Each structure stands twice: as C-alpha cells, then as structure tokens.
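Labels below follow one simple rule: chain letters A, B, ... track the order of the sequence lines, proteins then strands, and each chain is numbered from 1. Below, each value reflects all heavy atoms present in this structure, side chains not excepted, and no hydrogens, waters or symmetry copies. Since this is a predicted model, take the numbers as computed values, not measurements.
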Number of protein chains: 2
Amino acid sequence: MARPKEFDPNTALGKAMELFWRKGYEATSIEDLVTHMDINRGSLYETFGDKQKLFLACMDRYCNGMAASRLSMLDQPGPVLDTIRRFIRGKLQMALADPTRKGCLIANTAMELAPHEKEIRERVASALGGLEEAYYQVLIRAKKQGELRKDQEPRALARYLTTMMQGVIVMHKAGTTAEALREIVETGLAVLD
Amino acid sequence: MARPKEFDPNTALGKAMELFWRKGYEATSIEDLVTHMDINRGSLYETFGDKQKLFLACMDRYCNGMAASRLSMLDQPGPVLDTIRRFIRGKLQMALADPTRKGCLIANTAMELAPHEKEIRERVASALGGLEEAYYQVLIRAKKQGELRKDQEPRALARYLTTMMQGVIVMHKAGTTAEALREIVETGLAVLD
DNA sequence: TTCTTTCTTGACTGATCGTTCCAGAATGTG
DNA sequence: CACATTCTGGAACGATCAGTCAAGAAAGAA
C-alpha cells in the first residue's frame, strides 16, 4: 500500500510559482525550488517532471489566477469603460503593493524566455491573448452602449490596453515611483476618452 | 616593452553587448562571451574585470548608442509632434526588422535584474530617464508652438510615451505580429492628438 | 641577441548546475 | 508481524559555472 505524500502538490506548485515569478527561470536553481517548496528533490522530479515542466505548470497556475481575476473585475454593472478603468487601476494598485516589484509572470517570461522557447512563447501569447479578449468583450459592450466613438476600434483598444500595462510593469520593475506610474496610467487611459 | 593586444576592446565590447542583449545576463555564460567576443578568458577578466562589470559596460555602450539615436531623430524641423511620431514609428520599424526579437537591452535588464541589483536598477532608471527627458524637451517645444492642448502635460506625456514603448517591446518579444504592433503604436499615439 | 613586459592559450579550481539514484522510513493490507 | 509499495533524505553523477593561474609566445627597446 502506497505511502501518501507528505506535501500538497498544489501548495508546492504555488510556492514554486512565487519563486519563478520573483527571480525568473534561469536565476532560480533546483536547490532554491526545493528549499522554497519545502519538498525534496526526488519528489519534485517525480511530481513535476523536470525544471521546465515545473515552470510551465507554474505559468498555467498563474494564468488560472489571472483568468479568475479578470472574471471578478470585468463583469460589473455601471458604465462599461469605468469597469476597465477600475480594473486597470486595481492592477496598478496590486503592483504598487508589491515591495519585491516582481511584476507579472507572463510579462517576465515574455522578456526572458519567449524569443528562445517556442512552447513558452505560445503559452505567453495565449495568456496575453486571453487578457486582450477580455478587454475586447468589454469594449464591444461599451461600443454598443455608445461609450466609444466611431473611430475607436474595440480590438485595437484591447491590444493597446494589454500593451500599455506591460509597459507599466517594465517601468515598475525599473524603479519608477508610484506617483509617476499612476500618472502614466491615467495618461494612457485618455485613449478611452 | 609590452605586447599590444590582439583584439580591439571596443569591438569586443560591442559583441558582448549583442550577446547579453539577445540572451540576457544569467543565460549568458563566460564561455559564450569568450567565444562570441573572440578573445580569451584571461583577456576578458584583465580588460573588463568580471562578468557583472562587463555587463555594466555593455549597458553604458548601449545607452551611448541610444543617446546618439535620440539626437539624430528628435532634433528635426517641421511640426514637433510629427518628430515624435516618426521617432517612435522608426523605433518600431527597427524592432520589427530584428528576427531575433531581442527587444531593448534596457527593458530586458529592467525585467531580469533591476528588482534585485541596486546598481543595475539605477543604470536602468537613468537610461529610461534620459529617454523620457528627450521626449519632454520635444513636447515642451510642441506646447510652445500650440501643438498640445492645455490639459496635455509634457512630463506626463513623456513618461507615457517611454512606458508605451516598453510595452510594445514586451509584446514584440511575446510574438505579437507586426500588423498588431503597428496598430498598437498608432492607437497609443492617439494620446498626442 | 638579450631582456623585460604583456598577451594568448587553455588547464585548473572550487562551487553549483539539473537530474538520477539508493538506503532507510513510513504506510496500510493481508 | 510480514510484505509490497511509495516517500523522504540527501549523496552522487557528469556537466557547467565564474574566476584564477602558469607556461610559452610575442613585442619592442637596449
């Protein structure tokens, strides 16, 4: 009869995600992971496969969290564009509340690994596409409710908003002040006016 | 009498910069550098110090190139805002012409190392500040010539433009198409309208 | 030609890398 | 209690890491 695991794979995966998110892929060693996840290296390999498979699982875990976050913030009553403004300002607040300035795992990975790893590039593109699609669906409603001008294209705006927030993440990691970041976001949101 | 070096330190530095720019800091080994720079490891250490000092020298080299590029594109005649538009579109063109999608060394470094390395964070902030300042000087002229509305703040717009381009870099590395990137940039430039 | 200084070549060091493997422990059924 | 199966702990493997060092080569002045 098999001995049950002494660790919870899901909890361990969450811890691995935190570490990869903060340090990146290359700078995170198996030793780092084993210590942070509080499991032994044999269990890590048996449960997750290898370092890259673990990383991919972490990206999935992160994207699941993002998807839930989008659902809870975009499906809200009131003026549609305000929904987007609140969502984006909320995202900025969350980033500003993070003293380690680890940014977004997807953006981090886009920069570090996407140009070199096809499977990772596809995962990143899929994640960004999901975020863009969420904006798009909301902007379509905004268009229908007359909140957008004729020349304001939902798809273009959705892509733009996704991109702008990536830029905010880069500036945040570079050390830009909270005040400056808020100003940048407000300036960028002017595209919706 | 000393034997002269068989390699040109400036040429070697340029090659190191290319490699760090493409692969990042952690993923680039001394072996990679030695091979790519076409010098031997003793010369690398004797000339540049160590890996991190070499990296910092590469950042300086990159920033010098950026500064020259800004000068040559921002000081131009004609409507001032068009100068910025051309500069940004030119930057996008340069990025799109790069099959390796290596992005911008400053943005890459902001994401990979800035949160963890104080000196690197300062260098990154300085570089981004220089770019922002260039936009700012041009936007002040635009304001004076009546090309900006009263509510359009040069400093806010300068920060915003710097940020938006970081976002474009992330999306480019993530695999976004040229068409989509052009649309994003045009949408983002609408803030200047 | 000799001598001094510096360069190149590449071996070497100690540490760490990702991954595999083994001994002993723990689990639960028969 | 015995047994089969799985888990934990952590050593070990082969490779690579950043950085150091020694032998021999090259340069040019005396």
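Counting any heavy atom pair closer than 4.0 Å across all strands shown, A:T28 reaches sugar-phosphate atoms only and no base atom.
Within the 4.5 Å cutoff, side-chain heavy atoms of B:I120 are placed close to those of B:V124.
Separating the CD atom of B:Q52 from the P atom of D:dC17 is a distance of 18 Å, rounded to the nearest angstrom. A straight line from NZ of A:K5 to P of D:dT8 spans 7 Å, rounded to a whole angstrom. Atom CD of B:E46 and atom C1' of D:dA18 are 17 Å apart (whole Å). Remark: P of D:dC7 and CD1 of A:I39 are 11 Å apart, rounded to the nearest angstrom. For the pair A:M37 CE and C:dG18 P, the computed distance is 13 Å after rounding to whole Å. Rounded to an integer number of Å, the gap from B:E31 CD to C:dA11 P is 11 Å. Look at CG on A:N40: it is 16 Å from P on D:dT6, rounded to the nearest Å. The distance between atom CG of A:L54 and atom P of C:dT19, rounded to the nearest whole Å, is 10 Å.
The side chain of A:I30 sits closest to C:dT19 out of C:dT19, D:dT8, C:dC7. Of the candidates C:dT19, D:dA27, C:dC17, the closest approach to any side-chain atom of B:P4 belongs to D:dA27. Taking the side chain of A:R3 as heavy atoms from C-beta on, and the options D:dG19, D:dG9, C:dT27, the nearest nucleotide is C:dT27. For B:K51, taking side-chain heavy atoms from C-beta onward, the closest of the listed nucleotides D:dG9, D:dG19, C:dG18 is D:dG19. Considering only the side chain of B:E6, C:dT8 comes nearest among C:dT8, D:dA18, D:dG9.
When hydrophobic side chains of Ile, Leu, Val, Met, Phe, Trp and Tyr are connected at separations under 4.5 Å, B:I140 ends up clustered with B:Y136.
Under 4.0 Å is where a charged nitrogen must lie from a carboxylate oxygen, and between A:R89 and A:E186 at least one such pair does.
The phosphate of D:dC7 has neither OP1 nor OP2 within less than 4.0 Å of any side-chain N or O from A:S43.
For the pairing with B:N108, the side-chain hydrogen bond (donor to acceptor under 3.5 Å, both in side chains) check across B:R22, B:K102, B:K173 returns one residue only, B:K173.
A:R41 contributes a side-chain N or O that forms a donor-acceptor pair with the base of C:dT19 under 3.5 Å.
Along DNA chain C, the nucleotide nearest to A:S29 and the one nearest to A:G49 differ in position, and the one closer to the 5' end is contacted by A:S29.
A cation-pi geometry, defined here as NZ or CZ lying under 6.0 Å from the six-membered ring centre and within 45° of its normal, does not hold between A:K51 and A:F20.
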